[in-house]
Structure formats: structure tokens, C-alpha cells
Amino acid sequence: MAGTPIGDVQDAPPRLAAELAGADVVAAEDTRRLRRLAQALDVTPGGRIVSYFEGNESARTPELVEELLGGARVLLVTDAGMPSVSDPGYRLVAAAVEKGVRVTAVPGPSAVLTALALSGLPVDRFCFEGFLPRKAGERLTRLREAAAERRTLVYFEAPHRLDDTLAAMAEVFGADRRAAVCRELTKTYEEVRRGGLAELAAWAADGVRGEITVVVEGAPEKGPEEIGADELVRRVRVREEAGERRKEAIAAVAAEAGVPKREVFDAVVAAKHAG
């Protein structure tokens with residue numbers, strides 16, 4: 001497999017042109033984009049070009065494995081970045097490995113690593129979460145699962161869903177949790193917006209275009225005594241809105257915060273009376 005540019009064609013790894021010329025089969029996510037890339041690199045693919053995308057990945061994988069077992073050199077590329085990272089590739093690699101076929105990679109650009117490097121957030125430990133679910137309830141559930149994650153988080157998101165996603169993140173992670181929205185990386189209109197999640201959500205409400213990577217600071221290392229009643233109540237409400245019953249939400253928040261369930265229960269009751 002080989003990485004391809006995520007924007008600027010000059011970022012193509014030097015070995016990519018040689019691999020395109022020497023492969024017996026090039027499996028491409030979009031064959032038209034692959035031909036345009038080859039033209040930009042001034043190289044003519046030497047072998048057969050076949051499509052390999054989400055819709056035919058399961059069906060085409062056995063065919064490509066048979067090619068490999070027959071001694072063919074198969075090159076896998078996606079539209080941008082490294083195969084398998086929220087793109088086709090995993091199934092082919094897994095199937096080839098299972099058959100004892102040697103698999104190697106031509107390292108190349110990655111939106112994940114580029115965004116991390118530009119974010120200004122800690123990158124010594126991070127986890128990649130890919131795309132969040134489109135449905136609001138499922139999205140809140142996924143975010144809630146990551147609420148206590150101390151590693152820096154990286155997400156991909158569609159531009160038309162960015163404002164809703166950032167607003168949900170602000171609700172679950174906290175309005176002031178630091179984040180960076182990286183747009184059109186390595187392209188002409190590259191932009192990196194940094195700030196608190198609520199601030200970024202307000203900015204995105206006006207509409208954002210381009211390919212988006214969101215980097216979010218991990219949860220702070222707080223002791224139980226540092227988590228106030230208001231924060232405990234907020235966490236319970238987030239869980240309730242996502243469909244949990246209050247009893248289960250209180251128990252989960254207490255375990256997450258390292259405090260007695262009674263403390264969380266009392267905070268919720270007091271907030272109810274105050275409201």
C-alpha cells in the first residue's frame with residue numbers, strides 16, 4: 001500500500017511514482033483521481049488499474065488476494081492519505097496476511113498526524129476516533145464514552161455536520177475544552193482554528209467548507225475534590241439526554257468522577273430544587 005497526497009501533490013512520497021510504474025495491479029479508491037495523480041507525477045501505471053472502494057471492497061478483496069498468491073505485485077492507494085485510515089484497505093491487508101503474503105507500505109501524508117502536529121495540543125499520547133455517527137443520539141453516546149479519555153482525540157468530520165458535532169463535544173467534554181479544527185490541510189486555503197469547543201462551535205455555525213480534521217484535548221487529570229456539583233449535574237444530564245435512566249446515569253458519573261453515588265444524587269436533587 002502507499003500513501004497519497006492529502007492536498008499538495010508535491011507531498012507525494014518519492015517511491016510512489018516508482019511503485020505505480022512497477023505494479024502489476026493498482027487498486028485505487030477512485031480510478032479517475034488515480035489517473036490524475038499519475039499524470040501530475042508524470043508517471044504511467046505499468047499494470048492494470050482496478051477500483052477498490054467501500055462499495056466493492058468485500059467482493060474485490062478475494063480477487064486481489066488471488067493475484068497476490070499468483071505472484072502479482074498489487075499496489076493499494078486511496079484518494080488521499082494512508083489506506084486503512086478511515087479508507088479502504090484493512091480487509092485486503094488482513095486477508096493477505098492471513099494467506100502469508102508479505103505486505104509493506106510506502107509511508108506518505110496523513111491528515112491525522114498533520115492535524116496533530118498543527119493543533120498545538122499534546123501529541124505524546126493520542127487516539128484516532130474516525131468519523132462520529134450521523135445520528136445525534138449515537139453521536140452523544142460515542143462522545144460520552146470518550147469523555148474521560150486523557151489522550152488527545154482526533155476525529156474526521158463532514159463540513160455540513162461540523163457545527164453540530166462541535167456543539168455536542170462542548171456539551172459532553174465541556175465548553176472550554178481546548179480543540180483545533182484543521183481545514184483543507186496542505187491545500188491553498190488551509191486553515192487551523194484553535195480555541196474552546198463552544199467558541200469553535202459558534203464559529204462553525206456560519207458554515208465551513210472543505211475536508212475537516214478535529215483535534216480535541218484529552219480530559220484533565222482531576223481529583224474527585226476538583227469536580228464540583230455543577231459539573232456532576234451536567235454529566236448526569238448529558239447521559240440522560242442520550243437515553244440513560246437517571247439511576248444508571250448517576251452511578252456512571254459517580255464511578256467516572258471517583259465520588260460516592262450519594263454525592264452525585266444530592267447534587268442532582270439540589271439542582272432540581274434550585275431550578
Side-chain angles (χ1 to χ4, degrees), residues 3-11 28-30 32-34 36-37 53-55 57 77-89 108-121 123 126-147 149 152-218 242:
T4 56
I6 60 176
D8 192 332
V9 71
Q10 296 182 79
D11 293 335
E29 186 176 9
D30 185 322
R32 291 171 298 180
R33 293 185 66 168
L34 182 278
R36 288 198 295 269
L37 174 61
F53 60 99
E54 185 179 358
E57 188 177 4
V77 294
T78 55
D79 289 347
M82 288 297 296
S84 296
V85 183
S86 280
D87 277 329
S110 166
V112 175
L113 297 180
T114 304
L116 279 166
L118 293 176
S119 69
L121 298 172
V123 297
F126 67 90
C127 54
F128 174 57
E129 291 289 311
F131 284 94
L132 287 165
R134 297 180 182 182
K135 294 183 179 179
E138 294 175 5
R139 181 171 58 220
L140 280 173
T141 297
R142 277 276 299 277
L143 291 173
R144 192 172 68 244
E145 291 171 354
E149 175 59 64
T152 297
L153 300 155
V154 184
Y155 296 89
F156 287 161
E157 191 50 280
H160 62 277
R161 291 195 297 268
L162 181 62
D163 56 340
D164 288 338
T165 291
L166 290 171
M169 287 178 171
E171 180 181 353
V172 175
F173 297 156
D176 296 326
R177 179 85 72 88
R178 293 188 301 163
V181 176
C182 304
R183 186 180 72 86
E184 293 290 87
L185 289 171
T186 79
K187 298 177 183 177
T188 302
Y189 298 105
E190 176 181 283
E191 180 181 20
V192 180
R193 298 284 298 216
R194 305 174 182 88
L197 283 167
E199 174 189 348
L200 291 172
W203 162 74
D206 291 333
V208 178
R209 294 182 178 181
E211 297 186 356
I212 306 292
T213 305
V214 180
V215 185
V216 184
E217 181 180 33

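Sequence positions, counted from 1, serve as the residue numbers for this chain. Note that this is a predicted model, so its numbers are computed, not measured. FYI, side chains are in, hydrogens and waters are out, and symmetry mates aren't considered; it's all heavy atoms of this structure.
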(request) Starting from the C-alpha separation in whole Å, work towards a yes-or-no answer on side-chain contact (heavy atoms from CB on, under 4.5 Å) for V214 and L162. (result) CA-CA 9 Å; V214 180; L162 181 62; 3.8 Å; yes

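- The structure places CZ of R139 at 5.5 Å from CG of D164, a figure rounded to the nearest 0.5 Å.
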(request) Go through the steps to decide whether F128 and Y155 satisfy the test ring pair (Phe, Tyr, Trp, His ring centres under 6.0 Å), and finish with yes or no. (result) CA-CA 6 Å; F128 174 57; Y155 296 89; 8.4 Å; no

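- For the atom pair CZ (R33) and OG1 (T78), the distance works out to 9.0 Å, reported to the nearest 0.5 Å.
- Remark: K135 NZ to E138 CD distance equals 5.5 Å, nearest 0.5 Å.
- No donor-acceptor pair under 3.5 Å is formed between the side chain of E211 and the backbone N or O of L185.
- Summarising the local packing, CG of D8 is surrounded by more than 12 heavy atoms from other residues, nucleotides or ligands at distances under 6.0 Å.
- Side-chain contact between L116 and V215: present, with at least one pair of heavy atoms (C-beta onward) separated by less than 4.5 Å.
- Two residues are said to be in side-chain contact when any heavy atoms from C-beta on lie closer than 4.5 Å; D30 and L34 fail this criterion.
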All N/O donor-acceptor pairs, side-chain side in residues 188-200, below 3.5 Å, sequence neighbours left out:
unit_1	atom_1	unit_2	atom_2	d
E190	OE1	T186	N	2.7
E191	OE1	R183	NE	3.0
E191	OE1	R183	NH2	3.2
R194	NE	L118	O	3.2
R194	NE	S119	O	3.4
R194	NH2	L118	O	2.6

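- Counting heavy atoms from C-beta on, the side chains of F126 and L113 come closer than 4.5 Å.
- Closest approach of G108 and M82 over heavy atoms only: N-SD, 3.6 Å.
- Between P5 and L37, some side-chain heavy-atom pair lies under the 4.5 Å cut-off.
- The OG1 atom of T213 lies 10.0 Å from the CD atom of E184; values are rounded to the nearest 0.5 Å.
- E54 contributes atom CD, which lies 8.5 Å from atom CD of E29 (distance to the nearest 0.5 angstrom).
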(request) For I212 and F156, run side-chain contact (heavy atoms from CB on, under 4.5 Å): C-alpha distance rounded to whole Å, both residues' side-chain angles, the deciding distance at 0.1 Å, then the answer. (result) CA-CA 6 Å; I212 306 292; F156 287 161; over 6 Å; no

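- The shortest heavy-atom contact between A80 and T4 is CA-OG1, 3.3 Å.
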(request) Using the side-chain contact (heavy atoms from CB on, under 4.5 Å) rule, take V181 and W203 through it: C-alpha gap first, then chi angles, then the decisive distance, then the call. (result) CA-CA 10 Å; V181 176; W203 162 74; 3.9 Å; yes

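- Contact check for L143 versus L132: side-chain heavy atoms found under the 4.5 Å cut-off.
- Looking only at distances, a side-chain donor or acceptor of R177 sits under 3.5 Å from a matching main-chain atom of E217.
- Side-chain atoms of T152 and V123, non-hydrogen and from C-beta on, never get closer than 4.5 Å to each other.
- The line from CE of M169 to CG of L153 is 7.5 Å long, rounded to the nearest 0.5 Å.
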